[in-house]
Amino acid sequence: MGLLLALLASACQETGETGGQEAGEGRFPGFAQVGKEGMASHLYIELNTVKQGDGLAHLKMVRVLDEGYVIQDAMTDCRGSFKALEGVQYRDDGSSEKKYPGDDQPMPFAGRPEIAALVKMACDKAGMAQADQPMPSPEAEKPQADGKQQATETPLPENAPDTLKTRTGLLEIGRSGFGAPPDSLVLNGKVVYKDEGNYLALHQMFSLPDHDAVLFSSNCGGTACQTDDFAFLVVRQNAEPAVVKADGFYAYPSAVKTRRDGDDIKLDLGFSGGKRKLAVLKGEQLAIRLEAVPAQPLEEAQCKWLHSDAMPACVEARANNPDCSDPQGDFSGAVMRGVAAMADYPGFVQQGFDQQCQQACRDGKASDYAIFGGEVCSKSKPANAASTPPPLPAAGKADIFNGCENLMGMAGQALECMQGNLQPHAAYKSRFDALPADQQAQLETEQKAWLEKRNADCGKLTDET
């Protein structure tokens, strides 16, 4: 290193150039100049130091400053992130002045053409393929002369941009580490927000008279995270960016629609508990509210999903739940989350779904779609369709043993006791199914009273035997 510094100092003295002037040939022996124009002319790379390790390209570089220069080690994943380590800052005569800070975390280089050119040279030398870098996206539509735009509702862009050009500079998605998910927002090369370990996405920018509001979201990743948590980054000239959040500001991204209403940003977030969920941003104040909606059937695609995917899960639950008392307790995570999502939509009838699921478990098949749609999705019922009977009173596995617990050591008497429990249960079900709805309610009341008396009598008998 001492010989290298001597050569650097000698080269600087011979050329008589300062760091602020265009670098000349041979100024930094062993280093290749990255470019001849702009900031790229201030960067040099020592190609002989480039090596590959841990999926990264490692290199040594020189960064020319307004006064003096810096020698730094750096690394890149060749996919979009670059990190320069702490270096030593030198005067033009080669004497050391101070430490030069490195990057706190890998920084995106899509919006920095000089770093992108440096990365290309390093990755080519290391034999690592460089991914195509996204071009900075265009600026958001500017407000009209009166400061207002037409309130047209639009869905979120299908493909989330990696960069957005705000009035104060380029906003990019970054990573807190080379192996980390895209968990940082970087504005002009500075991290302005970090949600470590989660996946951030930019969605849309709104240009208002005195600031830009960027809608972004965070997701924990994987099938367990169906909804996104949303927030706004508010960017103003000569002010620190502000992140604006609110409780309940989450939704399925595909359900979100946005619109400008004067200087307000309004978002339709879909449904929650059968009501319409809305978010309104006024300046840096964000409010979430629920609005009642007219009665309506569940959407056809959602109703069909419940019938074709959730009902088979009810049937399969019988293998682990023979009495079908709680078939939904055996749902896979995907089906459970899907049903929970449907419950937010108007037209979904939770009680009807619970009854249909129990019936499918007991019968080994789902009811016809027309009947299912009427019971669960608030669709018109067929004229000749009978409603699904309410679930039987608790007379399943637990009731078979009621009053027989003390006989478990005497097999014959225990079996006789349990058979006695089963016979009225079968008779009850047969009679229940044959009755009209108003008489079924009366029978259910009588059955519950009988169960209470039976349990008391059996318990008394077994205690005395």
Side-chain angles (χ1 to χ4, degrees), residues 4 8 11 19-66 69-87 100-138 159-165 169-191 202:
L4 172 63
L8 293 177
Q21 295 174 323
E22 181 177 347
E25 291 293 333
R27 180 176 183 191
F28 300 106
F31 286 78
Q33 192 173 21
V34 172
K36 299 293 185 182
E37 298 179 355
M39 293 303 298
S41 66
H42 292 199
L43 294 176
Y44 293 76
I45 179 173
E46 188 178 7
L47 293 172
N48 289 334
T49 66
V50 175
K51 61 182 179 180
Q52 182 179 349
D54 299 325
L56 303 174
H58 300 259
L59 62 135
K60 187 178 292 292
M61 58 180 284
V62 171
R63 187 193 305 264
V64 179
L65 308 175
D66 289 339
Y69 54 90
V70 175
I71 300 178
Q72 293 174 280
D73 288 324
M75 59 189 74
T76 176
D77 60 4
C78 297
R79 297 195 308 272
S81 297
F82 172 88
K83 182 177 182 179
L85 306 181
E86 183 182 69
Y100 188 84
D103 297 323
D104 291 333
Q105 65 181 53
M107 305 296 285
F109 56 79
R112 303 166 67 190
E114 74 281 3
I115 298 296
L118 175 70
V119 167
K120 185 178 187 313
M121 294 177 71
C123 294
D124 287 347
K125 178 70 174 178
M128 296 174 61
Q130 186 180 2
D132 293 334
Q133 295 303 313
M135 294 298 292
S137 59
N159 296 316
D162 291 313
T163 61
L164 283 171
K165 188 177 179 184
L170 191 66
L171 180 66
E172 303 172 89
I173 295 289
R175 301 170 186 267
S176 57
F178 283 112
D183 57 5
S184 304
L185 295 183
V186 181
L187 180 62
N188 289 333
K190 178 183 177 183
V191 178
L202 300 174

Report task. Output yes when a side-chain donor or acceptor of Ser41 lies under 3.5 Å from a complementary backbone atom of Gly35, and no otherwise. Result -> no
To the nearest 0.5 Å, atom CZ of Phe82 lies from atom CG of Leu118 at 5.0 Å
| said: Any non-hydrogen side-chain atom of Met107 less than 4.5 Å from a side-chain atom of Val191? | reply: yes
- Within-4.5 Å side-chain heavy-atom neighbours: Ile71 and Tyr100: no
Sorted by chain and number, sequence neighbours left out, side chain to side chain donor-acceptor pair (under 3.5 Å) with Arg63 holds for Gln72
Distance col, row Met75:CE vs Ser81:OG, nearest 0.5 angstrom, shows 12.0 Å
Sorted by chain and residue number, the side chain to side chain contact (heavy atoms under 4.5 Å, CB included) partners of Asp73 (sequence neighbours excluded) come out as Lys60, Leu85
Residue set satisfying salt bridge (Lys or Arg N to Asp or Glu O under 4.0 Å) with Asp77, at least two apart, ordered chain then number -> Arg79
Of all heavy-atom pairs linking Ala110 and Thr163, the shortest is CB-CG2, 4.5 Å
Note: Leu164 and Pro161 closest approach over all heavy atoms is CD2-CG, 4.1 Å
Checking Val34 against Met121 for the side chain to side chain contact (heavy atoms under 4.5 Å, CB included) test, could you report, in this order, the C-alpha distance in whole Å, the side-chain angles of both residues, the deciding distance, and whether it holds?
CA-CA 8 Å; Val34 172; Met121 294 177 71; 4.1 Å; yes
| field | Ring centre gap for Phe28 and Tyr69 strictly below 6.0 Å | value | yes
Applying side chain to side chain donor-acceptor pair (under 3.5 Å) to Asn48 and not counting sequence neighbours gives none
Handout entry: Heavy-atom side-chain proximity of Leu43 to Ile115 below 4.5 angstrom
Key = yes
On a heavy-atom basis, the closest approach of Val119 and Cys78 is CG1-CA, 4.4 Å
Rounded to the nearest 0.5 Å, the CG atom of Leu47 sits from the CZ atom of Phe31 at a distance of 10.0 Å
Should Lys125 and Leu59 count as side-chain neighbours, where that means a heavy-atom distance under 4.5 Å?
no
Only pairs under 3.5 Å count here: list side-chain donor-acceptor contacts from residues 171-190, not counting sequence neighbours, and write none if there are none.
from: Glu172; atom 1: OE1; to: Gly111; atom 2: N; distance (Å): 3.3
from: Arg175; atom 1: NH1; to: Ala180; atom 2: O; distance (Å): 2.8
from: Ser176; atom 1: OG; to: Asp183; atom 2: OD1; distance (Å): 3.4
from: Ser176; atom 1: OG; to: Asp183; atom 2: OD2; distance (Å): 2.7
from: Asp183; atom 1: OD1; to: Ser176; atom 2: N; distance (Å): 2.9
from: Asp183; atom 1: OD2; to: Gly197; atom 2: N; distance (Å): 3.3
from: Ser184; atom 1: OG; to: Gln105; atom 2: NE2; distance (Å): 3.0
from: Asn188; atom 1: OD1; to: Leu170; atom 2: N; distance (Å): 3.0
from: Asn188; atom 1: ND2; to: Thr168; atom 2: O; distance (Å): 2.5

